[in-house]
2 protein chains.
Amino acid sequence: MVRSPVMADDSRLLSIAGVERETGLGKDVLRVWEKRYGFPAPERDVHGDRVYPMDQVDKLRLLRRLIDDGLRPGKIVGLPISELLSLHERATRNASPAHGCTEPELQEFIELLSSHRIDEFRLALLARLMRLGLERFVLDIAAPLCTLVGDAWARGTIQLFEEHMFTEELTRVLRGTLQSLARPSGDSARPRVLLTTVSGEPHAIGLLMAETLMSLNSCDCLSLGPQTPEGDIAQAAIARQADIVILSFSAWFNAQQVGAVLTRLRSLLPAQCEIWAGGRNPGLQRDQPSGVTIMTELREISAAITAWRRRHDR
Amino acid sequence: MVRSPVMADDSRLLSIAGVERETGLGKDVLRVWEKRYGFPAPERDVHGDRVYPMDQVDKLRLLRRLIDDGLRPGKIVGLPISELLSLHERATRNASPAHGCTEPELQEFIELLSSHRIDEFRLALLARLMRLGLERFVLDIAAPLCTLVGDAWARGTIQLFEEHMFTEELTRVLRGTLQSLARPSGDSARPRVLLTTVSGEPHAIGLLMAETLMSLNSCDCLSLGPQTPEGDIAQAAIARQADIVILSFSAWFNAQQVGAVLTRLRSLLPAQCEIWAGGRNPGLQRDQPSGVTIMTELREISAAITAWRRRHDR
DNA sequence: CTCATTTTTTGTCCTAGACAAAACAACCGT
DNA sequence: ACGGTTGTTTTGTCTAGGACAAAAAATGAG
């Protein structure tokens, strides 16, 4: 009953379900784009089922990125890949004009990564960590690297498995360091913070960076890991009497759903429990419901904690 | 264009997309079951869209578990929840008859978890780790606890966010310990192992346990984290010249797709690169393609490594 | 009891159409 | 020139009903 492998399972062809997994675009969207814009234009296999060549999948990935950045499908689906690339180039430049200065320094990491010198890569990370200290490491190295690697992947410069290697190694370094931090003693430490991502957002690295900074500022952190359903986030926050719930939204998450998710969560959580949402998701830059603090930059966290403490000081 | 929150967004009702996220059952399946078996029987909102009450969602979750265990939809969708529960009871008992003896000991952990005494929980884990040593900790505590927690969740005994807490804490303990293990020196260490899960399998904890055991046996491990697409697994294995690719399949993963995935991977990977697949997924117990080693129990790993070394010794 | 063959079950894909919310454009009054 | 109200277009998600191959179960023959 599984429809997939007809026989000639050319590894450069994907079924519609495969494309959904790879691009995050639903089957319905793929079909309706095909009808409306004439793209994608999959071939058909023996049964008449859609079969997508890899280059179209690549284009779809790119399209999704651009749409999340705020461009509209109708305007860009017809464009050739070369133009899409230059559009994306421009968009990323606009979004983070500041990090141009550190880029040559970070480029070295990318090269280690794409030549698969993993051990050297890890050592380079650790060296930076030692030299800069944990806070500056997170702010100046880890966070920019994440966006850089994400962009490089969207542009096709690096492979997805190389991004996975990157995430894994960075996770190791951060988790290792985090563990050696003294945990604040039980009741006294405030704010009490709950960290997680919502269902549909599998990336936990942003969470880990946030947790690192929070722990450095001696907050009482509890992470639920990625993909907690909304109802369970609320239950956990209440059980833990959390002061703040921190959510991370990566560029992968559907930007149009961010608003709806935050609104629902705001209504599920107790009023005195704050929501801080951060990450590289373009949806965060649009209007968001009141009662939710949007933090586009990790830098803002330290100040925000100080502000919270001042507010709750008597 | 987002259809979801019509207005009266009763938090005990879910749209069809929400049910898909929560249960892992696709929209098509939900609709076709409704037509064929009369269940689920969602209400309709103002637009005529399906709206699922929570109790039906719970039943659907349970149904999925039972179907993965090998039961057939047509036989069980009509049954009331109580009967489904007793069926599941019996199935889990049959599957792991051995771990009954350790259960009272593990029960203590479950209680700490469901009363949210996280710090005590972590300390209890660490205490066991110290007492038993890493290998026995993984085999006798961590692995059985994972299945126990998974079952408790399916049965409704614990909340999902409590399972998340569990996973997170166990991950911390294991990663922390793993890091302090001496890494085998570059070229000499064999086998070279690549660990990951395929797209659609988000659970990485089994991977971590496997990696722990492999590292204890001084293999050269590289983890890609969860959800690497098949093509990228192959690329990474080739780039790394991996001797073994280890894949983990949890009960969450669709049991019927395991075979197809393994077949495709087998054809993508070089012949001299072995595939070891493990985890609690019922699909692994069915017939699997040749050229793939199925390991139902973590215990088998050490012996398998020894066997591999003997085979490649000259 | 084993193996090959038919029948039933079941998941996924197909087409074609509907519609509300989001995004955009046009307008107006200050 | 700018903020708010209106109307129009775009776009994602849902609906319906039908088709079909692969898996599983049932059947039959040796």
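Values below: every heavy atom of this structure, side chains too, minus hydrogens, waters and symmetry copies. First the proteins, then the strands, lettered A, B, ... as listed; each starts at 1.
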Check: A/Thr293/A/Glu274 side-chain N/O donor and acceptor closer than 3.5 Å: no
Anything under 3.5 Å between a donor and an acceptor, one on a side chain of residues 27-34 of chain B, the other on a protein residue two or more places apart or in another chain? List them.
{"from": "B/Lys27", "atom 1": "NZ", "to": "B/Glu20", "atom 2": "OE1", "distance (Å)": "3.1"}
{"from": "B/Glu34", "atom 1": "OE1", "to": "B/Arg50", "atom 2": "NE", "distance (Å)": "2.7"}

Touch class at under 4.0 angstrom, heavy-atom based, for B/Arg36 against every strand present: base
Closest listed nucleotide, where the reference is the side chain of A/Arg44 and the choices are D/dA16, D/dA22, C/dC14: C/dC14
Residue-phosphate contact under 4.0 Å: A/Tyr37 side-chain N/O, D/dT10 OP1/OP2: no
Sugar-phosphate only, base, or nothing, as touched by A/Lys35 at under 4.0 Å among non-hydrogen atoms: base
Test: B/Asp69 and B/Arg65 ion pair at under 4.0 Å: no
For atom NZ of A/Lys27 and atom C1' of D/dC14, their distance in whole Å: 15 Å
Sugar-phosphate only, base, or nothing, as touched by B/Arg50 at under 4.0 Å among non-hydrogen atoms: sugar-phosphate
Nearest-nucleotide pick for A/Pro73, side chain only, options being D/dT11, D/dT13, C/dC14: D/dT11
Side-chain H-bond candidate by donor/acceptor type, A/Glu201 with A/Gln227, under 3.5 Å: no
Nucleotide nearest A/Arg72 (side chain, heavy atoms from C-beta), chosen from C/dA20, C/dC24, D/dT13: C/dC24
Among D/dC14, C/dA23, D/dA24, the nucleotide that comes nearest once only the side chain of A/Asp28 is considered: D/dC14
Terminal axes of the helix from C/dC1-D/dG30 to C/dT30-D/dA1 (five pairs each): angle between them, nearest 10 degrees: 20°
Lys/Arg N to Asp/Glu carboxylate O, A/Glu230 vs A/Arg266, below 4.0 Å: no
Whole-Å gap separating P (D/dA24) and CG (B/Asp69): 14 Å
Options C/dC13, C/dT12, D/dA22, nucleotide nearest the side-chain atoms of B/Asn254: C/dT12
